[in-house]
Amino acid sequence: VRLAGEAAPRWGRVVATGGDRVAVEDGRPLLAGVPLPQAQDGTLSEPFAPSGPRRALPACGNGAVGLGADCRTRRLRETLPSGRAYAVLDAGPRPLDRLDPVTVPPGHLFLMGDDRDAARDSRLAAAAGGLGLVPVAAVLGRASLVLASAASPWDP
């Protein structure tokens, strides 16, 4: 997605479309009041170090750790009503883990990042640094392949 006034595109997973009623409780999306199914899928372990173009530090589920220490985050497998499943990260209770129900207007999308505790997605208004409800016209395309991770030494 590319939002007005922003030079770089942003990424997010489409969780709800126009007409859907979406909420978030305990970090888990609900569609029409029904929580999306989630199953434990192991743990992501990474060094606590800046990564990606914004040099962001990861959110660690194992509490505060020092630079270079092992940052462990719970990994879940979440499934959309379409049957498509994907991995999400959950570092534990955070401020964006709750969102009152919202009905997505026609022609808009509700997006959530897979790294739920680091994402600035539709749970936050654009004025607060999030995506807000995204107009379909702002969608640039669909990612179908990850060429390199943000933690990779190769920086495209």
Side-chain angles (χ1 to χ4, degrees), residues 1-17 22-30 35-80 84-100 102 104 108-156:
V1 229
R2 187 180 310 266
L3 299 179
E6 292 189 3
R10 296 214 244 162
W11 305 92
R13 184 170 306 280
V14 176
V15 172
T17 60
V22 63
V24 179
E25 289 182 10
D26 298 324
R28 183 183 223 170
L30 288 79
L36 293 183
Q38 290 181 336
Q40 295 294 328
D41 193 28
T43 302
L44 171 74
S45 184
E46 63 183 325
F48 184 68
S51 68
R54 293 188 311 191
R55 309 298 297 152
L57 291 168
C60 302
N62 56 326
V65 299
L67 283 175
D70 188 33
C71 176
R72 293 185 305 278
T73 307
R74 182 170 69 140
R75 203 168 98 158
L76 303 164
R77 194 101 185 127
E78 188 169 88
T79 306
L80 289 169
R84 181 164 286 208
Y86 48 91
V88 296
L89 299 176
D90 180 18
R94 297 288 194 271
L96 292 178
D97 283 353
R98 174 146 177 54
L99 176 73
D100 289 335
V102 172
V104 181
H108 287 75
L109 304 168
F110 184 93
L111 279 66
M112 289 183 77
D114 293 342
D115 185 352
R116 298 286 163 80
D117 300 311
R120 298 294 173 245
D121 49 34
S122 290
R123 295 172 290 171
L124 278 174
L131 290 173
L133 297 172
V134 177
V136 171
V139 174
L140 299 172
R142 176 183 172 167
S144 59
L145 172 71
V146 176
L147 182 60
S149 101
S152 159
W154 179 65
D155 184 6

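FYI, side chains are in, hydrogens and waters are out, and symmetry mates aren't considered; it's all heavy atoms of this structure.
Minimum interatomic distance between F48 and C60 (heavy atoms only, all atoms of both residues): CD1-SG, 3.5 Å. Taking all atoms of both residues into account, the shortest heavy-atom contact from H108 to V136 is N-CG2, 3.9 Å. Contact between M112 and P29 at its shortest, heavy atoms only, is SD-CG, 3.7 Å. Taking each heavy atom of P47 and C71 in turn, the nearest pair found is C-CB, 4.4 Å. Pairing each heavy atom of G113 with each of A119, the nearest pair is CA-CB, 3.7 Å. The heavy-atom pair separating L57 from A49 by the smallest distance is CD2-C, 3.6 Å.
Rounding to the nearest 0.5 angstrom, the gap separating the OG1 atom in T73 from the CZ atom in R75 is 11.5 Å. In this structure, S122 OG and L99 CG are separated by 9.5 Å, a value rounded to the nearest 0.5 Å. Of the inter-residue distances, the one linking F110 atom CZ with D121 atom CG reads 6.5 Å to the nearest 0.5 angstrom. Interatomic distance, L89 CG to D41 CG, rounded to the nearest 0.5 Å: 10.0 Å.
At least one donor-acceptor pair closer than 3.5 Å links the side chain of R28 to the backbone N or O of L36. With R123 contributing its side chain and L96 its backbone, the two residues share a donor-acceptor pair below 3.5 Å. Panel note: side chain R77, backbone A39; no donor-acceptor pair is recorded below 3.5 Å. Remark: the backbone N or O of G130 is paired with a side-chain donor or acceptor of R10 at under 3.5 angstrom. Side-chain N or O atoms of D117 include none that pairs as donor or acceptor with a backbone N or O of A59 at under 3.5 Å. Judged by distance alone, with hydrogens and angles left aside, the side-chain atoms of R94 form no donor-acceptor pair with the main-chain N or O of G27 at under 3.5 Å.
At least one side-chain heavy atom of L80 sits less than 4.5 Å from a side-chain heavy atom of Y86. Side-chain contact between V104 and V22: present, with at least one pair of heavy atoms (C-beta onward) separated by less than 4.5 Å. Contact check for L133 versus V102: side-chain heavy atoms found under the 4.5 Å cut-off.
By the salt bridge (Lys or Arg N to Asp or Glu O under 4.0 Å) test, D115 pairs with no residue at all, sequence neighbours left out. Residues forming a side chain to side chain donor-acceptor pair (under 3.5 Å) with S45 (at least two apart in sequence, or on another chain): D70. Residues passing the side chain to side chain donor-acceptor pair (under 3.5 Å) test with D100, sequence neighbours excluded: R98.
For D90 and R74, the salt-bridge test passes: some basic side-chain N is under 4.0 Å from an acidic carboxylate O.
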